Amino acid sequence: MQAWRVHENGEPGEVMRLDEVDRPEPGPGRLLLRVRAANINFPDALLCRGQYQIRPPLPFTPGVEICGETEDGRRVIANPALPHGGLAEYVVADEAALLPAPEALDDAEAAALHIGYQTGFFGLHRRAHLQEGETLLVHAAAGGVGSAAIQLGKAAGARVIGVVGGQQKAAVARELGCDLVIDRRTDDIVAAVKEATGGRGADVIYDPVGGDAYAKSAKCVAFEGRIVIVGFASGSVPAPALNHALVKNYSIVGLHWGLYAQKDPASIARCHEQLTRLAAEGAIKPLISERVPLKDAAAAVQRVADGTTTGRVVVLPDGAAR
């Protein structure tokens, strides 16, 4: 079979190589899956660079979430077992962790439902306890993680403010349902949020960026607001001023979604039931900006790494537009 492999760490477009390899052999408790669609996530770029919290042995195949098909024809969502990631024709995955692909979504959409939407659901509901009528501020709103948070926030009855970089991404955020879009390149984020909220600030801030985005968040979070730390796409890990959190009465909450697979795996299945219901109702639908054939996967991972994409970029091993 064909599989993209990283033989040395570096930029995805430089170190990923399309190889002919044997199909992975499923061990006890695992199943072989044919990859129908593989969603590209920012962690795939970090894996290539050797900067992710998990460092699989070289050579390895990136790709942390897929829509696949079991040997008996079931269509499922899975997180492939590294080092045999999803940017390949076949993967192995833990049988107990497989989730049914929602009928309301095609293969590419189903592949993009899992990590981003689970992260959004846990972050907004379990960690931040977002309430109907509250104001939600989403950084990187046109990206894969941000677009999921927008849809989930609207589904919860929140007023959603999206922060983006550039007019093209602003248009995407508006189409996703943002009540207000702020262009960080031309607008004053703090002033715009305070003006939109009558000086109160945002009740919940969803931050997958870190760096300057976090600094701005701390200046426009509401009394008893919650800043949810999802990741550091900017490459800069902020050092919060805890005295500031004390005097303004806001919370800084972290979210490492993958930890729930170890600590509370049943919660992931319960969340998937909620996401499947929302998808069936049309309340959520992953934004797929590109569907690319397997041969173009390395360039696609590089675009995600560079932050030039909107929504989700999905790889289809046979090149079909599913």
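A quick note: this is a predicted structure, and the numbers were derived from the prediction, not measured. Numbers for residues simply follow the sequence, beginning at 1. Below, each value reflects all heavy atoms present in this structure, side chains not excepted, and no hydrogens, waters or symmetry copies.
At least one side-chain heavy atom of Leu294 sits under 4.5 Å from a side-chain heavy atom of Glu89. Using a 4.5 Å cut-off on side-chain heavy atoms (C-beta onward), Gln53 and His256 make contact. Counting heavy atoms from C-beta outward, Arg36 and Arg75 have side chains that approach closer than 4.5 Å. Under the 4.5 Å side-chain criterion, counting only non-hydrogen atoms from C-beta, Val76 is not in contact with Leu99. Annotation: side chain of Pro80 is in contact with side chain of Ile66 (closest heavy-atom distance under 4.5 Å). No side-chain heavy atom of Val145 sits less than 4.5 Å from a side-chain heavy atom of Asn41. Taking 4.5 Å as the limit, some side-chain heavy atom of Pro102 sits within range of a side-chain heavy atom of Leu113. In this structure, Cys48 and Gln302 have side chains that are not in contact, with every pair of non-hydrogen atoms separated by 4.5 Å or more.
When atom types are taken as modelled, the side chain of Ser234 and the backbone of Ser236 share a donor-acceptor pair closer than 3.5 angstrom. Of the possible polar contacts, none joining the Arg17 side chain to the Trp4 backbone as a donor-acceptor pair under 3.5 Å is found. Not one N or O on the side chain of Gln118 forms a donor-acceptor pair closer than 3.5 Å with the backbone of Ile115. The backbone N or O of Met1 lies less than 3.5 Å from a partner atom in the side chain of Glu20, making a donor-acceptor pair. Counting only distance, with no hydrogens or angles, the side chain of Asp183 and the backbone of Arg185 share a donor-acceptor pair below 3.5 Å. A donor-acceptor pair under 3.5 Å is absent between the side-chain atoms of Thr61 and the main chain of Leu87, judged by distance alone. The backbone N or O of Val64 sits less than 3.5 Å from a side-chain atom of Asn79, completing a donor-acceptor pair. For the pair Thr135 (side chain) and Asp203 (backbone), a donor-acceptor distance under 3.5 Å is absent.
Interatomic distance, Leu32 CG to Glu71 CD, rounded to the nearest 0.5 Å: 5.5 Å. Annotation: the span from Glu14 atom CD to Asn9 atom CG amounts to 12.5 Å, rounded to 0.5 Å. Rounding to the nearest 0.5 Å places CG of Asp106 at 7.0 Å from CD1 of Ile288. Separating the CG atom in Leu180 from the CZ atom in Arg159 is a distance of 6.5 Å, to the nearest 0.5 Å. Rounded to the nearest 0.5 Å, atoms CG (Asp44) and CD (Glu65) are 8.5 Å apart. Atom OG of Ser147 sits about 11.0 Å away from atom NZ of Lys169, to the nearest 0.5 Å.
The minimum heavy-atom distance linking Pro317 with Ala88 is given by the pair CG-O, 3.8 Å. Of all heavy-atom pairs spanning Pro59 and Arg5, the tightest one is CG-NH1, 3.5 Å. Nearest heavy atoms, Ile182 versus Ala192: CD1-CB, 3.6 Å. Of all non-hydrogen atoms in Val91 and Gly86, the two that sit nearest each other are CG1-CA, 3.8 Å. Considering all non-hydrogen atoms of both residues, Ala279 and Ala104 come closest at O-CB, 3.7 Å. For Pro43 against Tyr52, the heavy-atom pair with the smallest separation is CB-CE1, 3.6 Å.
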Applying side-chain contact (heavy atoms from CB on, under 4.5 Å), run through Tyr206 and Leu137 and close with a yes or a no.
CA-CA 6 Å; Tyr206 194 76; Leu137 175 66; over 6 Å; no

After noting the C-alpha distance and the side-chain angles of Arg126 and Asp264, does the key distance pass the salt bridge (charged side-chain N to carboxylate O under 4.0 Å, His left out) rule?
CA-CA 13 Å; Arg126 183 156 175 162; Asp264 187 8; 3.3 Å; yes

Worked check of side-chain contact (heavy atoms from CB on, under 4.5 Å) between Gln167 and Val172:
CA-CA 9 Å; Gln167 294 184 0; Val172 171; over 6 Å; no

Apply the test side chain to side chain donor-acceptor pair (under 3.5 Å) to residues Tyr117 and Gln151: give CA-CA distance (whole Å), side-chain angles for both, the deciding distance (0.1 Å), then the verdict.
CA-CA 9 Å; Tyr117 282 85; Gln151 294 180 358; 2.7 Å; yes

side-chain contact (heavy atoms from CB on, under 4.5 Å) evaluation trace for Thr70 with Leu33
CA-CA 5 Å; Thr70 63; Leu33 304 175; 3.6 Å; yes

side-chain contact (heavy atoms from CB on, under 4.5 Å) evaluation trace for Val15 with Glu8
CA-CA 6 Å; Val15 300; Glu8 61 181 356; 4.0 Å; yes

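Contact check on Lys216 versus Asp207 returns no salt bridge, with no Lys/Arg side-chain nitrogen under 4.0 Å from an Asp/Glu carboxylate oxygen. In summary, Arg74 and Asp72 engage in a salt bridge, as defined by a charged side-chain N under 4.0 Å from a carboxylate O. Between Asp179 and Arg174, no side-chain nitrogen of the basic residue sits less than 4.0 Å from a carboxylate oxygen of the acidic one, so the salt-bridge criterion is not met. Salt bridge Glu95/Arg30: absent, no basic N to carboxylate O contact under 4.0 Å.
In this structure, the ring pair (Phe, Tyr, Trp, His ring centres under 6.0 Å) partners of His244, at least two apart in sequence or on a different chain, are Tyr250. With sequence neighbours left out, Ala173 forms a side chain to side chain contact (heavy atoms under 4.5 Å, CB included) with Ala141, Val164, Cys178, Val181.
Ring geometry for Phe122 against Tyr260 counts as tilted: the plane angle lies between 30° and 60°, on a 0 to 90° scale.
No chain of hydrophobic side-chain contacts below 4.5 Å, direct or via other Ile, Leu, Val, Met, Phe, Trp or Tyr residues, connects Leu124 to Val193. Linking ILVMFWY side-chain heavy atoms closer than 4.5 Å, directly or via other members, places Leu255 and Leu130 in a single hydrophobic cluster. Under a hydrophobic-cluster definition in which Ile, Leu, Val, Met, Phe, Trp and Tyr are linked whenever side-chain heavy atoms come within less than 4.5 Å, directly or via other members, Val301 and Leu18 are assigned to the same cluster. Under the 4.5 Å side-chain contact rule for hydrophobic residues, Val315 and Leu287 share a cluster. Note on Ile77 and Ile284: same hydrophobic cluster, where clusters join Ile, Leu, Val, Met, Phe, Trp and Tyr whose side-chain heavy atoms are under 4.5 Å apart, directly or indirectly.
For the residue pair Gln2/Asp19, the side-chain donor-acceptor check at 3.5 Å is not satisfied. In the model, Tyr90 has no side-chain atom that pairs as donor or acceptor with a side-chain atom of Arg34 under 3.5 Å.
Around the CD atom of Gln51, the shell of radius 6.0 Å holds more than 12 heavy atoms that belong to other residues, nucleotides or ligands. Summarising the local packing, CD of Glu281 is surrounded by more than 12 heavy atoms from other residues, nucleotides or ligands at distances under 6.0 Å.
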With a 3.5 Å cut-off and sequence neighbours excluded, list the donor-acceptor pairs that the side chains of residues 217-232 form with protein atoms.
{"unit_1": "Ser217", "atom_1": "OG", "unit_2": "His139", "atom_2": "NE2", "d": "2.8"}
{"unit_1": "Ser217", "atom_1": "OG", "unit_2": "Ala213", "atom_2": "O", "d": "2.8"}
{"unit_1": "Arg226", "atom_1": "NE", "unit_2": "Ala128", "atom_2": "O", "d": "2.8"}
{"unit_1": "Arg226", "atom_1": "NH1", "unit_2": "Glu134", "atom_2": "OE2", "d": "3.3"}
{"unit_1": "Arg226", "atom_1": "NH1", "unit_2": "Glu224", "atom_2": "O", "d": "3.4"}
{"unit_1": "Arg226", "atom_1": "NH2", "unit_2": "Ala128", "atom_2": "O", "d": "3.0"}
{"unit_1": "Arg226", "atom_1": "NH2", "unit_2": "His129", "atom_2": "O", "d": "3.3"}
{"unit_1": "Arg226", "atom_1": "NH2", "unit_2": "Glu134", "atom_2": "OE1", "d": "2.8"}
{"unit_1": "Arg226", "atom_1": "NH2", "unit_2": "Glu134", "atom_2": "OE2", "d": "3.4"}

